[in-house]
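This report refers to the structure that appears directly beneath it.
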Amino acid sequence: MYDKRPYQPIDQTPSRFLVDNLKLVDISDKPILDVACGYGRNGGYLAKNNHRVVFIDKDIECLRYIKNGGKLSEQGHVDTRNVYALYKNLDEGKLSFPNDSTGGVIDIHYYNPLLIDELIRVLDKGGFFCFESISARGKNVYELPDYHFIKDKLKNFKIISYVERKVNPEELGKSVMKVFAIKQYS
């Protein structure tokens with residue numbers, strides 16, 4: 001029989017890449033965006049550490065889960081006044097935030113080439129940019145960024161950590177990558 005209970009994540013462990021790099025920087029008091037946040041494992045780590053986080057996703061069940069506390073509480077005490085859930089279809093690549101209005105952006109396992117410029121636009125000087133692609137398995141290679149596409153967009157950034165490698169078939173020019181950078185100027 002079909003189980004109608006909403007799915008809940010098994011593991012809320014945040015990205016090790018994100019956590020390791022956050023230890024190297026000062027984090028702004030401005031809100032941090034967790035785009036395509038899913039069940040909030042990455043933004044939850046920041047919320048637990050008393051940062052304001054805007055969780056953005058087009059999955060209303062995920063956002064309800066986050067707003068109701070979900071497993072964020074398993075990451076330690078989370079002040080829900082620091083948690084904002086925003087329903088948004090990111091496919092169009094537009095955000096409704098002013099220029100330079102956020103202290104950080106987290107984009108893990110979601111790639112939209114239209115969205116990268118928007119994430120950079122809303123990020124304030126001194127804010128962090130964290131992107132981590134999905135791994136290349138089968139046909140999802142088409143969901144990966146073009147080799148160096150994101151790195152080339154980060155000319156106004158200080159790169160803290162960067163790993164990128166081309167994936168097969170190489171003629172597609174796609175890559176798996178992780179980058180953590182700090183915006184130097186707009």
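Just so we're clear, the structure is a prediction, and the values are computed from it rather than from any experiment.
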### Message
Please evaluate residues I56 and F97 with respect to the criterion side chain to side chain contact (heavy atoms under 4.5 Å, CB included), reporting the C-alpha separation (whole Å), side-chain torsions for both, the decisive distance (0.1 Å), and the verdict.
### Response
CA-CA 12 Å; I56 305 172; F97 293 88; 4.0 Å; yes
Which atom pair, heavy atoms only, marks the closest approach of [X] to [Y]?
{"X": "G38", "Y": "C62", "result": "O-CB, 3.1 Å"}
{"X": "V53", "Y": "D34", "result": "CG1-CB, 4.3 Å"}
{"X": "V54", "Y": "P31", "result": "CG2-CB, 4.2 Å"}
{"X": "S133", "Y": "P145", "result": "CB-CD, 4.1 Å"}
{"X": "L24", "Y": "D20", "result": "CG-O, 3.8 Å"}
{"X": "L95", "Y": "K88", "result": "CA-CE, 4.5 Å"}

Are [X] and [Y] connected, step by step, through hydrophobic side chains (Ile, Leu, Val, Met, Phe, Trp, Tyr) whose heavy atoms are closer than 4.5 Å?
{"X": "F180", "Y": "Y110", "value": "no"}
{"X": "I108", "Y": "V83", "value": "yes"}
{"X": "F157", "Y": "I116", "value": "yes"}
{"X": "F149", "Y": "V179", "value": "yes"}
{"X": "I66", "Y": "L33", "value": "no"}

Between [X] (side chain only) and [Y] (backbone N and O only), is there a donor and an acceptor less than 3.5 Å apart?
{"X": "E132", "Y": "L18", "answer": "no"}
{"X": "N89", "Y": "K58", "answer": "no"}
{"X": "K183", "Y": "F129", "answer": "no"}
{"X": "D57", "Y": "C37", "answer": "yes"}
{"X": "S175", "Y": "M177", "answer": "no"}
{"X": "Y84", "Y": "R81", "answer": "yes"}
{"X": "N42", "Y": "S15", "answer": "yes"}

### Query
Under a 4.5 Å cut-off applied to non-hydrogen side-chain atoms, are V105 and I120 in contact?
no
#### Entry: Side chains of N112 and V35 in contact at under 4.5 Å (non-hydrogen atoms)
no
### Message
R41 vs T13, test: side chain to side chain contact (heavy atoms under 4.5 Å, CB included). Steps then yes/no.
### Response
CA-CA 6 Å; R41 69 185 179 101; T13 304; 5.6 Å; no
### Message
Walk me through whether V25 and N21 qualify under side chain to side chain contact (heavy atoms under 4.5 Å, CB included).
### Response
CA-CA 7 Å; V25 299; N21 281 286; over 6 Å; no
### Task
Would you indicate whether D29, at its atom CG, is surrounded by more than 12 heavy atoms from other residues, nucleotides or ligands within a distance under 6.0 Å?
no
### Task
Mark yes when over 12 heavy atoms from residues, nucleotides or ligands other than D152 sit less than 6.0 Å from its CG; otherwise mark no.
yes
### Message
Between K30 and D100, is the salt bridge (charged side-chain N to carboxylate O under 4.0 Å, His left out) condition met? List the steps.
### Response
CA-CA 10 Å; K30 290 189 173 186; D100 309 318; over 6 Å; no
Atom [atom1] in [X], atom [atom2] in [Y]: separation rounded to 0.5 Å?
{"X": "N82", "Y": "N49", "atom1": "CG", "atom2": "CG", "answer": "10.5 Å"}
{"X": "F131", "Y": "Y162", "atom1": "CZ", "atom2": "OH", "answer": "11.5 Å"}
{"X": "I150", "Y": "E164", "atom1": "CD1", "atom2": "CD", "answer": "7.5 Å"}
{"X": "K155", "Y": "Q184", "atom1": "NZ", "atom2": "CD", "answer": "14.5 Å"}
{"X": "T102", "Y": "F128", "atom1": "OG1", "atom2": "CZ", "answer": "8.5 Å"}
{"X": "I32", "Y": "F55", "atom1": "CD1", "atom2": "CZ", "answer": "9.5 Å"}

### Task
Among V167, V141, D146, find the one that has a side chain to side chain contact (heavy atoms under 4.5 Å, CB included) with L172.
V141
### Message
Between K153 and D117, does any side-chain N to carboxylate O distance fall below 4.0 Å?
### Response
yes
